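Shown next, in structure tokens, is the structure this report addresses.
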Amino acid sequence: MPEKMSDDMPVLMENLTDTIRKIFNETLITDIHTHLYAPSFGNLLLWGIDELLTYHYLVAEFFRTTEMPYSNFWNMSKKEQANAIWQALFIERSPISEACRGVLTVLKQLGLDTAERDLNAYRDWFAQQSIADHVNRVFEVANLKAVVMTNDPFDPNERDFWLSPAEIDTRFFTSLRLDTLILRWVEIYTMLQAWGYTVDKDLTEETLSEIRRFVSDWIQKIKPVYVAVSLPPQFDFPEHSPRGIIIEQAILPVTKFFNIPLALMIGVNRNVNPELKLAGDSVGTASLRPIENLCEKYPQNKFMFTMLSRENIHSACVTARKFRNLLPFGCWWFLNNPSLIEEITSMRAELLGTTFIPQHSDARVLEQVIYKWEHTREVLIKVYTEQYSKILATGWKLTENEIKRDVANYLGGNFWKFLESKF
Ligand code: FIX
Ligand code: ZN
């Protein structure tokens, strides 16, 4: 009788990079934070070359190349804006920034010829795609299993969808984004009044109870995988301010009740240049004490967090070591560049082993998931080849299935297990 072949294989030092590359290429990803929408949300799902070229990362880079008055740009049609950005960033200069290279990676991976530099030919190609097939293809090329949307009940377009919801593609999960509720209470409490909640500008007991009812209603309506808020670097906790009171007395009890995480995205200074609109946000270094205070005071609540400032990443790793109810995720926004992903992921792997989520895409335009994941994957293969080779060098034996297990956890498992966990 021939010996039964094991379906697991030992990993040898000489095959390590190839094995890790193969595993990363085969592992499907859950993208835990995007600004994408399922096709049934209609125009809210952005896709195609003009959307790719007018991504706010590229708008910011475009204005560095021109003296054009801001208003001229904003008065242009989307196609005209895309033409101007293409001309300035791809033709008159080499497209070497991460956001520019991203457009080229997308074109390449969709089978278009970047050497042609023919914007109208790219437009024609996108115009021929049917959105249903195109979404399938993008998911396949990017290796995606699922994406999490960012769903804001205060966004009038989204509200319309939720008031008479259509079926949602099961690969698209929801998250409840509450920046408006938490950060702009004084401006928006009248909206809650108009929607039938008995609230007042002052955060009285009754008002807080009604805010809890509002958050619970939306959790039941959209079934989010987490509740999220982005916060400025000055965020503190505990804090005697509307945002501090709303988080502590309205959000935390409800997220605890439903056992869903609160995702904190810390370090954004909004609108430092309002002329740039969506492209006008900046970064600031924050303190980790508020997160430590939250995790310590509310050990039965679950928190996810990402920081925008590079200077915060090391202390963020240390904070995560202290609290099992805290899950770090992604290289957010200005940190989503290969040189920084490499530094951040190595640091996290050294301090946190396999217990974090290395990346999310933050894609706003469908096809961006292709480049954001392709560029990240290259870095992860490099970082993990190095990490695994160091343990092999001690004589430790590794099998393919063990690396598969770890990579599957990084690219989705850690997230789904955190959602299941109860402390
Ligand atoms: O707050 C956020 O979720 C940010 O990611 C966005 O608002 C930001 O504009 C972005 O697209 C970053 O990638
Ligand atoms: Zn985002």
Side-chain angles (χ1 to χ4, degrees), residues 28-59 76-83 85-86 99 102-114 116 118-153 155-177 221-225 278 360-376 412:
L28 292 180
I29 298 162
T30 298
D31 191 342
I32 73 135
H33 171 61
T34 77
H35 297 265
L36 301 178
Y37 291 91
S40 54
F41 285 72
N43 291 340
L44 292 184
L45 171 58
L46 305 181
W47 63 286
I49 189 67
D50 290 330
E51 297 293 351
L52 287 167
L53 287 171
T54 53
Y55 187 30
H56 68 76
Y57 291 26
L58 290 175
V59 169
M76 288 176 178
S77 68
K78 180 139 290 180
K79 186 173 170 187
E80 289 166 341
Q81 292 175 347
N83 286 343
I85 291 176
W86 176 256
V103 176
L104 302 182
T105 301
V106 168
L107 294 175
K108 172 172 181 267
Q109 296 292 71
L110 290 174
L112 294 159
D113 184 1
T114 60
E116 274 182 13
D118 186 345
L119 183 49
N120 283 325
Y122 305 145
R123 283 196 175 111
D124 290 345
W125 185 88
F126 279 98
Q128 282 158 24
Q129 309 309 309
S130 83
I131 187 62
D133 293 344
H134 189 55
V135 170
N136 290 341
R137 178 169 184 175
V138 168
F139 267 63
E140 200 173 306
V141 175
N143 234 2
L144 278 184
K145 177 160 73 184
V147 303
V148 179
M149 306 182 277
T150 295
N151 303 99
D152 177 359
D155 176 336
N157 302 316
E158 260 208 77
R159 226 186 124 70
D160 288 349
F161 175 90
W162 290 113
L163 292 181
S164 48
E167 209 166 306
I168 300 176
D169 181 324
T170 53
R171 293 168 296 184
F172 289 76
F173 289 80
T174 55
S175 71
L176 181 60
R177 185 67 179 254
K221 189 192 284 285
I222 78 168
K223 306 203 166 36
V225 284
L278 196 53
H360 64 267
S361 77
D362 236 314
R364 281 181 177 264
V365 181
L366 175 67
E367 300 85 356
Q368 288 171 342
V369 290
I370 295 174
Y371 94 77
K372 303 243 187 190
W373 283 108
E374 161 97 11
H375 294 186
T376 286

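Just so it is clear, the structure is predicted and the values come from calculations on it, not from any experiment. Numbers for residues simply follow the sequence, beginning at 1.
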Residues forming a side chain to side chain contact (heavy atoms under 4.5 Å, CB included) with [X], sequence neighbours excluded:
X: K145; result: L28, T30
X: A132; result: none
X: I222; result: N151, W162, T174, L176, W218, P224

When you look at [atom1] of [X], are more than 12 heavy atoms from neighbouring residues, nucleotides or ligands closer to it than 6.0 Å?
X: K221; atom1: NZ; value: yes
X: E116; atom1: CD; value: yes
X: N120; atom1: CG; value: yes

Hey, does [Y] have a side-chain heavy atom less than 4.5 Å from the side chain of [X]?
X: L107; Y: I49; value: yes
X: Q81; Y: N83; value: no
X: S40; Y: F161; value: yes
X: L46; Y: L366; value: no
X: L36; Y: V365; value: no
X: I29; Y: V369; value: no

Full working for side chain to side chain contact (heavy atoms under 4.5 Å, CB included) between M149 and I168 = CA-CA 11 Å; M149 306 182 277; I168 300 176; 4.2 Å; yes
When you look at N157 and R159, which way does the side chain to side chain contact (heavy atoms under 4.5 Å, CB included) test go after all the steps?
-> CA-CA 5 Å; N157 302 316; R159 226 186 124 70; over 6 Å; no
Look only at the side chain of [X] and the backbone of [Y], and say whether a donor-acceptor pair between them is shorter than 3.5 Å.
X: E367; Y: G48; result: yes
X: T34; Y: V147; result: no
X: T114; Y: L104; result: no
X: Q109; Y: V106; result: no
X: T54; Y: A82; result: no

Which residue pairs pass the salt bridge (charged side-chain N to carboxylate O under 4.0 Å, His left out) test with at least one member in residues 120-143, sequence neighbours excluded?
-> D50-R123
Note: E51-R364 ion pair, threshold 4.0 Å (strictly below) = no
Pair V135-F172, side chain to side chain contact (heavy atoms under 4.5 Å, CB included): steps then yes or no | CA-CA 11 Å; V135 170; F172 289 76; 4.3 Å; yes
For the pair V148 and H33, evaluate side chain to side chain contact (heavy atoms under 4.5 Å, CB included) and give the outcome as yes or no after the intermediate values.
-> CA-CA 5 Å; V148 179; H33 171 61; 5.9 Å; no
Go through D31 and W373 one step at a time and tell me if the side chain to side chain donor-acceptor pair (under 3.5 Å) criterion holds.
-> CA-CA 9 Å; D31 191 342; W373 283 108; 2.9 Å; yes
Which word best sums up how the rings of F126 and H134 line up, parallel for under 30°, tilted for 30 to 60°, or perpendicular for over 60°?
->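 Plane angle over 60°, so perpendicular.
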So CD1 of I32 and OG of S175: to nearest 0.5 Å the spacing works out to 9.0 Å
Hey, could you give me the OG1/CG distance between T150 and D155, rounded to the nearest 0.5 Å?
->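 One gets 11.0 Å once the value is rounded to the nearest 0.5 Å.
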With sequence neighbours excluded, residues passing salt bridge (Lys or Arg N to Asp or Glu O under 4.0 Å) with D152 = none
Please name all residues satisfying side-chain hydrogen bond (donor to acceptor under 3.5 Å, both in side chains) with Y37, sequence neighbours left out, ordered by chain then number.
-> E158
